[in-house]
Amino acid sequence: MGIQDYFCDTYYVSVFRLTHFFGMLEFLCKAYLFGINLKGKVRCWGRIHILRFPQSEITIGNNVAIVSSSLRCSSSSIYAPVKLSTLSKTAKIIIGDEVGLNGTSITARSRIIHVGAGTQIAPNVVIMDSDFHGVWPPENRKLNPVIEEDRDVLIGKNVWIGTQTIILKGVNIGDNSVIAAGSVVVKDIPANVLAGGTPAQVIRRLP
């Protein structure tokens, strides 16, 4: 092994361990201070943004991987740290066991966002339960939050969500399905299918 290979190996291992150590330290402090409900072991690389509204719920299952560092992410650059945010007392974010988050932004304003066990989320995915503003009329957008139109987002078990996908309010994705990269999911996707596009449509059933 040449000197350059030795340097590359040493650099990668050192940065990997440091990113994990400081990421875990920050995560555990925030989890305690913000009252996050941890169901088991969590692995974290890089920073995580957490905001829990009083009386709301953020639950993270066992053996969840939270990746906010491009050095740790093998498939892509991560544009922003993982974000878990609840904005009212009725909001809930529930992350199941064995879930992988990579620069994922999840914001629940008033409803439930549930990510099922075993689901893997590729880099830079956005999930939200709300439009956050009234769509029409235009002059009303800034002042009308239309909270009554928020809807739950339910993602099943063992779903694979491709990079830079956007999942909007009211969506239910069935178990084992695959959402292609760059999709915008605005309606329900059944179990055991490949779906993609803008808006996302079922492409084919999976064997």
Within a strict 4.5 Å, meaning less than it, do heavy atoms of the [X] and [Y] side chains meet?
X: Phe132; Y: Val146; answer: no
X: Val159; Y: Asp175; answer: no
X: Ile173; Y: Ile167; answer: yes
X: Lys169; Y: Glu149; answer: yes
X: Arg111; Y: Val153; answer: no
X: Ile113; Y: Ile127; answer: yes
X: Thr198; Y: Val186; answer: no
X: Ile58; Y: Ile94; answer: no

Please report the shortest heavy-atom distance between [X] and [Y], naming the atom on each side.
X: Ala195; Y: Ser183; answer: O-OG, 4.2 Å
X: Lys92; Y: Ala108; answer: O-CB, 3.8 Å
X: Gly162; Y: Ala122; answer: C-CB, 3.7 Å
X: Arg43; Y: Asn63; answer: NE-OD1, 3.5 Å
X: Gly103; Y: Ile78; answer: CA-CG2, 3.6 Å
X: Pro123; Y: Ser77; answer: CB-O, 4.2 Å

Does [X] share a hydrophobic cluster with [Y], counting links as ILVMFWY side-chain heavy atoms below 4.5 Å and allowing steps through other members?
X: Val202; Y: Ile155; result: yes
X: Val125; Y: Ile50; result: yes
X: Val99; Y: Trp45; result: no
X: Val115; Y: Val67; result: no
X: Ile93; Y: Phe34; result: yes

**OP:** State whether the side chain of Thr119 and the backbone N or O of Gly116 hold a donor-acceptor pair below 3.5 Å, judged by distance alone.
**Re:** yes
Original post:
Is there a side-chain contact (heavy atoms from CB on, under 4.5 Å) between Ile60 and Ile36 once you walk through the steps?
Top reply: CA-CA 8 Å; Ile60 301 177; Ile36 307 306; 3.9 Å; yes
Inter-residue atom distance [X].[atom1] - [Y].[atom2], 0.5 Å rounding:
X: Gln120; Y: Thr104; atom1: CD; atom2: OG1; value: 10.0 Å
X: Asp129; Y: Arg151; atom1: CG; atom2: CZ; value: 10.5 Å
X: Thr59; Y: His114; atom1: OG1; atom2: NE2; value: 9.0 Å
X: Leu101; Y: Ser68; atom1: CG; atom2: OG; value: 8.5 Å

Please tabulate, for the side chains in residues 15-31, all donor-acceptor contacts under 3.5 angstrom to protein atoms that are two or more places apart in sequence or on a different chain.
residue, atom, partner, partner atom, Å
Thr19, OG1, Val15, O, 2.7
His20, ND1, Cys44, O, 3.0
Glu26, OE1, Arg47, NE, 3.4
Glu26, OE2, Lys30, NZ, 2.8
Glu26, OE2, Arg47, NE, 3.2
Glu26, OE2, Arg47, NH2, 3.4
Lys30, NZ, Ile48, O, 2.8

Subject >> Test log, rule side-chain contact (heavy atoms from CB on, under 4.5 Å), inputs Thr90 and Ile112 >> reply: CA-CA 8 Å; Thr90 59; Ile112 298 171; over 6 Å; no
Considering only distance and modelled atom types, tabulate donor-acceptor pairs under 3.5 Å from the side chains of residues 80-87, sequence neighbours left out.
residue, atom, partner, partner atom, Å
Thr86, OG1, Phe53, N, 3.0
Thr86, OG1, Ser56, OG, 2.7

Original post:
So which of Asp152, Asp150, Asp131 actually passes salt bridge (charged side-chain N to carboxylate O under 4.0 Å, His left out) with Arg109?
Top reply: Asp150
**OP:** For Gln164 and Asn124, test the side chains for any donor-to-acceptor distance below 3.5 angstrom and give the result as yes or no.
**Re:** no
Original post:
Could you walk me through whether Ile66 and Val42 pass the side-chain contact (heavy atoms from CB on, under 4.5 Å) check?
Top reply: CA-CA 8 Å; Ile66 299 174; Val42 175; 3.8 Å; yes
Give every donor-acceptor pair under 3.5 Å between a side-chain atom in residues 187-194 and any protein atom, sequence neighbours left out.
residue, atom, partner, partner atom, Å
Lys187, NZ, Gln201, OE1, 3.4
Asp188, OD1, Asn172, N, 2.9
Asn192, OD1, Asn176, ND2, 3.0

Subject >> Derivation of the side-chain contact (heavy atoms from CB on, under 4.5 Å) call for Leu168 and Val184 >> reply: CA-CA 8 Å; Leu168 298 180; Val184 179; 4.3 Å; yes
